[in-house]
Amino acid sequence: DQQVKQNSPSLSVQEGRISILNCDYTNSMFDYFLWYKKYPAEGPTFLISISSIKDKNEDGRFTVFLNKSAKHLSLHIVPSQPGDSAVYFCAAKEYGNKLVFGAGTILRVKS
Amino acid sequence: NAGVTQTPKFQVLKTGQSMTLQCAQDMNHEYMSWYRQDPGMGLRLIHYSVGAGITDQGEVPNGYNVSRSTTEDFPLRLLSAAPSQTSVYFCASSYSSGGKENTEAFFGQGTRLTVV
């Protein structure tokens, strides 16, 4: 059973608007959550993370929100830009450095 | 600064052949891991290593072997390739998490493997 789920396979957003990508998890022992961005034919690159003891973390246009009671996190991108078009993976860190990934969401930002 | 380097980028194998996917990192990271990416399934952990001489199995280890003789290198061996191993393989490295926050993994560019 998938411990990290991204239920939206794709999302389409107009340039300048907000993109919201969602992620749900089942394992309450995860201590960090991370978002990775992946372009075709490249490896995933780290975007932003949040500790399980926090509920929000911001880095420029990117904000991650964590709702522990709901076991839910979201990534907000404001404003969205065409260069943000990529696959976004939510990941959760188990003990040590083991990462458990969601299936990914394809974001398309239309200009 | 090379980061994580994977070779080859593309490979076609016949069923039953063996091969080694190479991974090297120059960041002195203790932790290295191999993932495979399949459509609709995200990245799944195959094997990982917390330091030279120490390896362990991930979620999908069957059909793969690893070893870690140096900090820098973490090769992945396919013992007898099967069509089910057709996938994109990613190697990643990071600092060990002990006492450190935010130990994000750095990924290589991937190896696209096709088994026919």
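In this text, all values refer to a predicted model and were calculated from it rather than measured experimentally. Below, read A as the first sequence line, B as the second, and so on, with proteins coming before strands; counting in each chain starts at 1.
Residue with the most contacts toward chain A among B/Gln6, B/Arg112, B/Gln109: B/Gln109 (heavy-atom pairs, distance under 4.5 Å).
For residues 8-19 of chain A, a heavy-atom distance under 4.5 Å to chain B picks out no residue at all. Listed in order of number, the residues of residues 59-76 of chain B that approach chain A to under 4.5 Å between heavy atoms amount to none.
With a 6.0 Å radius and a threshold of 12 heavy atoms from other residues, nucleotides or ligands, B/Arg77 has its CZ atom above the threshold.
Residue B/Glu104 holds its CD atom at 10.5 Å from CG of A/Asn97, rounded to the nearest 0.5 Å. Here A/Lys98 contributes atom NZ and B/Ser94 contributes atom OG; the two are 13.0 Å apart, rounded to the nearest 0.5 Å. Distance check: B/Phe107 CZ to A/Lys38 NZ gives 10.5 Å after rounding to the nearest 0.5 Å. To the nearest 0.5 Å, atoms CG (A/Leu99) and CZ (B/Arg44) are separated by 15.5 Å.
A/Phe62 is connected to A/Trp35 through a chain of hydrophobic side-chain contacts under 4.5 Å among Ile, Leu, Val, Met, Phe, Trp and Tyr, so both are in one cluster. B/Leu21 and B/Tyr48 end up in different hydrophobic clusters when Ile, Leu, Val, Met, Phe, Trp and Tyr side chains are linked at under 4.5 Å. Both A/Val109 and A/Leu21 are members of a single hydrophobic cluster when ILVMFWY side chains are connected at heavy-atom separations under 4.5 Å. Criterion: ILVMFWY side-chain heavy atoms under 4.5 Å apart, direct or through other members. Under it, B/Val115 and B/Ile46 are part of a common hydrophobic cluster. B/Tyr89 and B/Val4 fall into different hydrophobic clusters, where Ile, Leu, Val, Met, Phe, Trp and Tyr side chains are chained together by heavy-atom contacts under 4.5 Å.
The shortest heavy-atom contact between B/Gly40 and A/Ala103 is O-CB, 3.5 Å. For the residue pair B/Ala105 and A/Tyr36, the shortest heavy atom distance occurs at N-OH, 2.8 Å.
Residues B/Tyr35 and A/Phe101 meet the side-chain proximity criterion, which asks for heavy atoms closer than 4.5 Å. With a 4.5 Å cut-off on side-chain heavy atoms, B/Leu43 and A/Phe89 count as touching.
If you measure heavy-atom distances from A/Ala41 to chain B, the contacts under 4.5 Å come from the backbone alone.
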